[in-house]
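This report concerns only the one structure given below.
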Amino acid sequence: MSLIRQFILIMSLICLLLATESVAQQSDDLESIRSSIVEARNKGDMDNADILANQLLNQAQIQNRIGFQGEAFYQLARNAMERNQYDASQALLNRAIEIFQEVGALGKLANAYRQLGLTYRYQVNYSEALEYIYRAMQIFQQLNDKASISNTYNSIGVVLERMGQFEESLQAHQKALELNYELENTSGVASSLYNIGDIRRKMGDDELALKYFKDVLKIDQESGNQKDIAYTNHKIGRIHLSQKEFNLAREHINRAFELFKKIQTPRDTDWALNSLAELEMELGNLLEAKKLNDAIIQRAIKGRYRSLLVIAYELAIEIDYRLKDYMSALLNIEAALKQVKVNQEKATEARIEALSVKVYLAANSLEDAFAALQRQKTLEDEILNNKRLDAIARAQAQTEFVRRAQQIKLLEKEKALEQSSRNLWFTIIIAAFVSLFLLYGRYMQKRTNRKLSVLVKTRTKELEVKNQQLAKAYQEMEAISLTDKLTAIHNRRFLENHINADLEQSHRVYREWRDKKTAQPRQSDIVVFVIDMDNFKQVNDQYGHNSGDMVLIQLAQRMADVFRQSDYLVRWGGEEFVAVARFIDRDDATSLAQRMLQAVSDKPFILSQGEALSLTCSIGFASYPPILESERQISWRGLVSLADACLYAAKTGGKNTWIGVASVSSEEILAKEINQRDLPELIDKKLVTVIAP
């Protein structure tokens, strides 16, 4: 090799090394600015965070670093979101998304989608929120980014909670919590515990919620994140307020209020101020409370804080009611109902209608009170019906089980091949990019970037389709896991996942009655029926198991004829079934039990050979709450054991009958599961009273 050729080769290598070193140094500088933005925002220094974000944008534009330009827009959007400026945040996030799509930065793109979804959540646009958050989840799953998957589960849980889907929300947060424990992510654990605690608070379990929040506050204080500390203090203050511990409530809410002011978040500041206004109301300082809250309403209208506005209206109605200013209360009810209809919050609308009933009654407007009560009942029925429809929608894949399981395996293989292909293309294009950088300069660099963008979009779209197919298949598999394969009704696992939420709701309603806040509840009891076919073993022995299966299928169909679509029908095991009548009057339980007996005995069952066979069943039932005047709760397993003991009594008493628990007089019984043979002794001691035909 000649000296000249050696010299040219050495100089080329030097130029390449210098160029690489220069690019790396620029990247380090820009990354340092990005880290400083996050640090400033976590400390609540929003002015400095904005200055640094604009500095990042200017430097990225000067260096023509397109990816970092997208990062700058993303950070500016996060800053705007911290200040509750959601319209501005959405515009900046959309700009960042365009850039991340152009350069194929999938991780950053997913983060931007998730943040965009959260801005829609704060604006009470839940359908848009879920759409963007699920887009983010698809990408994070594709990248196998467990930390981001965890954060996204938390975001999904928050939106579902705002939609009133508490059980689904808890499941999402639980998945996030498990991932964060696996990753040893302390801040992620705190976030999940915070969200779970908040749902427990809304479900009425203040003690457990307070325990969660105190644990979270310790983690927040160690991290020094001012906004997280403020949020947790506010939640703790709200629980103390509900427990009438006013000094502790004021201490924590004031701490949150001062921190929100410091980090310049107007919506959150007024959120804490609304709690202080409620505190003044509970202390009897009604005029001071009204003054504070009226100012919050005006700022919420101006700032378009729709969720906060409804909260403030609800407080205004209660203050006016206590002041006996019924005209002002009705005006606030009208404004609140108008806003919740815009927000599409059925549960809140029903709650405000309940307030209007109270105000109309106080104003002696009985006709208007009755009309409001009818509207409230209609709304509550719609809410229950929507939950029923959601449950039906999740139960679609019974006959597709084997095929879907195979499909999932095939799709995962295809996805792996697509990912491998995409990684290969990235490797080839990056190598070409380095060569062209030296040979052709900036023009060819831009041209290659354009080709890269098109390729990334194409591959991303293909992978999104695969992810959607996988997600649908997994959803169907989950539905199957909650369904009894033979009868197509729910199985025991479904009941375990859903009944606690109903018991909590019933307990909450009765507690308000015990606290003399409401009239005695109606249509608020949960009744568990345990149904068992009589002499079923003889059917299997004499006619075969196929005939036995046909009897069980027909029994499930007859149960569906007796009970409502909103009730739970469950195959408990073998020939034993459970029906949960949700939110009825316990006085109606006897007629339901009698109808079920007749549904079984009045019409013969058709066996596999076409023969008709007359059969009977026995039923035991128990109602929740077992003791109306007691605050002490019973577990769902304890409730089923009471009903099962009644079933045993019905069986030993001659079969083809029902026996139910009329009342329980001892709280000790609520703490344990009753053995089938314990019931006669409990009846003799007058601890339990039963009813029978």
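We use all heavy atoms of the structure for the numbers below, so side chains are in, but hydrogens, waters and symmetry mates are not.
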So which heavy atom on D567 is nearest to which on A581, and how close?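 That closest heavy-atom pairing would be OD1-CA, 3.5 Å.
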Counting only N and O atoms by type, is there a donor-acceptor contact under 3.5 Å from the side chain of N185 to the main-chain atoms of N180?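 No; judged by distance alone, with no hydrogens or angles, the pair does not exist.
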Donor-acceptor pair, distance only, cut-off 3.5 Å: does the side chain of N195 make one with the backbone of H173?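 No; zero donor-acceptor contacts below 3.5 Å.
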Any chance you could lay out the ring pair (Phe, Tyr, Trp, His ring centres under 6.0 Å) test for F260 and Y231, step after step, and finish with the verdict? CA-CA 9 Å; F260 283 137; Y231 272 122; 5.3 Å; yes
Between L92, L93, I99, which is the residue that forms a side-chain contact (heavy atoms from CB on, under 4.5 Å) with R95?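 With R95 as partner, L92, L93, I99 yield a single side-chain contact (heavy atoms from CB on, under 4.5 Å), made by I99.
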Salt bridge or not between [X] and [Y]? Use side-chain N to carboxylate O under 4.0 Å.
{"X": "R508", "Y": "E512", "value": "no"}
{"X": "R238", "Y": "E278", "value": "yes"}
{"X": "D198", "Y": "K235", "value": "yes"}
{"X": "D270", "Y": "R299", "value": "yes"}
{"X": "E82", "Y": "R41", "value": "no"}

Other residues, nucleotides, ligands: >12 heavy atoms within 6.0 Å of K338 NZ: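 Result for NZ/K338: open.
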K358 and E353: CA distance, side-chain angles, deciding distance, salt bridge (charged side-chain N to carboxylate O under 4.0 Å, His left out) verdict: CA-CA 9 Å; K358 184 169 73 170; E353 289 289 8; over 6 Å; no
Distance only, no hydrogens: is a donor on one side chain within 3.5 Å (strictly under) of an acceptor on the other, for N274 and N293?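 The answer is yes; a qualifying pair exists.
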Is it the case that the side chains of N154 and S192 hold a donor-acceptor pair, with the cut-off being a distance below 3.5 Å and no angle test?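 Yes, a side-chain donor-acceptor pair sits under 3.5 Å.
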May I ask you to check whether [Y] and [X] place their ring centres under 6.0 Å from each other?
{"X": "Y120", "Y": "Y86", "value": "no"}
{"X": "W271", "Y": "F257", "value": "no"}
{"X": "Y212", "Y": "Y194", "value": "no"}

Aromatic rings H252 and H240: how do their planes relate, parallel, tilted or perpendicular, breaks at 30° and 60°?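 Rings of H252 and H240: parallel, as their planes differ by under 30°.
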